[in-house]
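Everything below concerns the one structure shown next.
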Amino acid sequence: MKQSLSNSATTAVASPPFWRDEGKRAIFFQIAALLCAGGVSYYLFTNTQANLARQSIATGFSFLNREASFEIGESLISYSASDTYFRALLVGALNTLQVAFFGIILTTILGSLVGIARLSSNWLVSKVATSFIEVMQNIPILLQLFFWYAIFYESFPSPRQALNPVKGVFLCNRGLIFAVPESHPAYTSMGIAFILILVAGWFLNRWGHKRQELTGKPLPALRMTAGAAIILPLLIWFLYGSPTAMSIPELRGFNFSGGLTVSPEFASLLLGLVLYTSAFVAEVVRAGIQSIGRGQIEAAMAIGLKPGQVLQLVIFPQALRVIIPPLTSQMLNLTKNSSLAVAIGYADFVAVTNTTINQTGQAIEGVAMIMVVYLFFSLSTSAFMNWYNKRMALVER
Amino acid sequence: MSTATKAKRERLKPPITNVGVIGWLKTNLFNTWYNSLLTVLILAMLGWLIPPLIRWAFIDSLWNSSAQACRDIDGACWSIIPHNIKFIFLGFFPSGQEWRPILAMILLLGLVIYSKDLSRWKKSLAWMWLVNIIVMGTLMYGGIFGLPVVETSQWSGLPLTLTLSFFGMVVAYPFGVLLALGRRSKMPAIKTMSVVYIEMIRGVPLISLLFMSSVMFPLFLPEGVTIDKVLRALVAIILFTAAYIAEVVRGGLQAMPRGQYEAADSLGLNYNQTMRLIILPQALKIVIPPTVGILLSAFKDTSLVVIIALYDVLKTTMVTLSNPNWTGYSTEAYIFLAILYFIFCYAMSSYSRKLEKDLHTGH
């Protein structure tokens, strides 16, 4: 039936010439576009091949096994100049992760505070928050990084005259040095116990929700977990004989020994990234809170929820749905912006790769590695986001 | 009797504590106990921070002295700015020719201010921009009318920052629109290429593209052909910005109701006509505010060219600071530069907010 209909249509109206036929034109366009892209790639590829051959640069990643022979200022794993390029790059990647990890935590806290402060009914608080946001958003991040780095290097005294605001904390042009507890097996056990309780709390919360749906009896899982997370580690600490030994920084010669040192590079990078990104996060949080209609809160109060419950059961779940996607993209921005570390000399992945490129001349491999590493971060984040959006999507009628 | 009722009927004034300064303070700063506490805390913090800052910046400071005089004071040495202003703003532009970049920048600024008004957005404005770009290019590069040629390697300071951001935006915009159309296309090959390009560029930091432009581009070109550094950086900025513009424009395209496409189809318009006459004018209009946001970050991002050793306004400031006479005054120089960037960016972002209001025609 259908066949005959279309047949009769083609006989009645002559089929258009091929350059007017949409389907054929689409195929033509795509072939042309592919040919263009292929041609350009081929041209660039042959040029590159010729150039590499002329400059006698060997391609490939075999250089990764050669000795790096450059020092790296700070690293989370043991590293010396006689280690391989691969290990140097690993140090760089770990440093990037370190900055991103602390940056994301601090930015989320500061950004949320500023975002809430901007909505405060207190005129002074909201004005201070607004000016913070405007100033931070409108000055390039690189300039801010240079500014904080210069403050560290030029305005802070040398270790001998180090500022000592609180006992055990020193601030000088070598960085921020503070006292930390001496390492002791108790702390490891406490950390493990803490993590175990968090995991147990998550399951308890799920079980509590299920029980509430069946029986209507609520379970204060959050409070129980929080209590256990404080009490159990403390108990372990007492069982180990309550170790209190501290590693206190002391001035030896021209520098401090003991304690924990945060280098000026790391401190200024973290400070700059956190201040800059939290201004954007604040706007995201503000938009999220403002997206909840007043009626939602009034309805929640009308059915007799307590203020805490209103926040926990009505405002947060809805605001988070609006906040999380742009928040993730800000966190990704923070991670990408951490590559500016190369400008102030913090040994992040880009900085180490840059040194590697300069030493070995393996520009293509170097830039490709930077791109792959960051693409991995971005794509895994967006995969997570898709999963989250699907889970959190509004189920409507 | 009558006077008593009259007196009774006279309106009572609100209590003095609810109006005027006291009333404002009460409702805005001290309405609850924790707000009062916050107010006091913030006032204490500001009181602790601001006086020393004012002392440093204004009272103990020098504004136009020699570098030597600055060594003896505790306050800010703003003298670094007037003494080096020519180098910070114009960098290595040949001396005697400084009027050219200055005139070009005045022309650019003038036309930007002229274009602010929505009622002036006509075809004639596009022509004015075209003429202006040619005039500015001629002023900067020279080569005709007896103006000596100034190679782009000598363009530095503010003219370089403005060139990179202006051309970065102007070229990236149409490219971004094309990418957005490609991503919405029904042709699988075109769609895949657009998606891969957009996601790849958005996944990597700008700095990796700038590295690519400085160390990989030379390898891409046939022997003997070189493209100068400024142009290579410009290409990197364009490629980067275009991907972000594409995503914003895609948002606008997705917001167009199906009825618009169907109406265009029923009028017998083809794809080009549909896009040019119906879809793009509306889609681009609704995304003007986020587009300005992208352009704003593109403007801020031009400062990253410092890392590949181009002399934009941030780099010229750093060069000034490496002069032994003026080392140690980074704070002052960077604050000056921050104010400069802030003025540009704040003007752009408040203009975007104003546009959002003006363009909101409501449906």
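So you know, we letter chains A, B, ... as the sequences are listed, proteins then strands, and number each from 1.
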Any A:V350 side-chain heavy atom under 4.5 Å of B:F211 side chain
yes

Given A:I370, A:L34, A:L375, the one with more heavy-atom pairs under 4.5 angstrom with chain B than any other is A:L375

So which residue, B:I335, B:I339, B:T331, B:N270, ends up with the most heavy-atom pairs under 4.5 Å with chain A?
B:T331

Quick one: what part of A:A37 sits under 4.5 Å from any heavy atom of chain B, side chain, backbone, both or neither?
side chain

B:L337 versus chain A, heavy atoms under 4.5 Å apart: side chain, backbone, both or neither?
both

Of all heavy-atom pairs linking B:V204 and A:Y374, the shortest is CA-CB, 4.2 Å

For chain A, find its close neighbours in residues 343-351 of chain B: heavy-atom separation under 4.5 Å, sorted by number, or none.
B:C345, B:Y346, B:S349

Could you tell me which of B:S185, B:A333, B:S303 has the largest number of non-hydrogen atom pairs under 4.5 Å with chain A?
B:S303

Test your reading of the model: is there a side-chain donor-acceptor pair from B:K300 to the backbone of A:L142, 3.5 Å cut-off?
no

Does any backbone or side-chain atom of A:V373 lie under 4.5 Å from a heavy atom of chain B? Answer side chain, backbone, both or neither.
neither

Are A:W123 and B:T39 close enough that some pair of their side-chain heavy atoms sits under 4.5 Å apart?
no

Can you confirm whether A:N138 sits close enough to B:L296 that some side-chain heavy atom of one is under 4.5 Å from a side-chain heavy atom of the other?
yes

May I ask you to name which of A:L340, A:I357, A:I151 has the most heavy-atom pairs under 4.5 Å with chain B?
A:L340

Within the 4.5 Å heavy-atom criterion, are B:R202 and A:S378 side-chain neighbours or not?
no

Do the non-hydrogen side-chain atoms of B:T317 and A:F146 ever get within less than 4.5 Å of each other?
no

Hey, does B:L206 have a side-chain heavy atom less than 4.5 Å from the side chain of A:K336?
no

Checking heavy atoms, do the side chain of B:M187, its backbone, both or neither come under 4.5 Å from chain A?
both

Need one label for A:I364: side chain, backbone, both or neither, based on atoms under 4.5 Å from any heavy atom in chain B.
both

Starting at CD of B:E247, measure out to OG of A:S329 and round the result to the nearest 0.5 Å.
11.0 Å

Assert top hit (heavy-atom pairs under 4.5 Å, partner chain B, pool A:V367, A:L332, A:N122) equals A:N122

Using a cut-off of under 4.5 Å on heavy-atom pairs, state which of A:A150, A:A26, A:S121, A:A33 scores highest against chain B.
A:S121

Residue part contacting chain B, namely of A:S120, when any heavy atom lies under 4.5 Å:
side chain

Specify which of B:L314, B:L38, B:L340, B:V306 makes the most heavy-atom pairs with chain A at under 4.5 Å.
B:L314

Euclidean distance, B:Y341 OH relative to A:I139 CD1, rounded to 0.5 Å
11.0 Å

With a 4.5 angstrom heavy-atom cut-off, could you sort out which part of A:V125 is near chain B: side chain, backbone, both or neither?
both

Between B:I307 and chain A, with a heavy-atom cut-off of 4.5 Å, which part of the residue counts as in contact: side chain, backbone, both or neither?
side chain

For B:R55, look at atom CZ and say whether over 12 heavy atoms of other residues, nucleotides or ligands are found less than 6.0 Å away.
no

If you tally heavy-atom pairs under 4.5 Å between each of B:F299, B:W24, B:Y329, B:Y271 and chain A, the highest tally belongs to B:W24

Output the option from A:N354, A:N337, A:I27, A:N333 having the highest count of non-hydrogen pairs under 4.5 Å with chain B.
A:N354

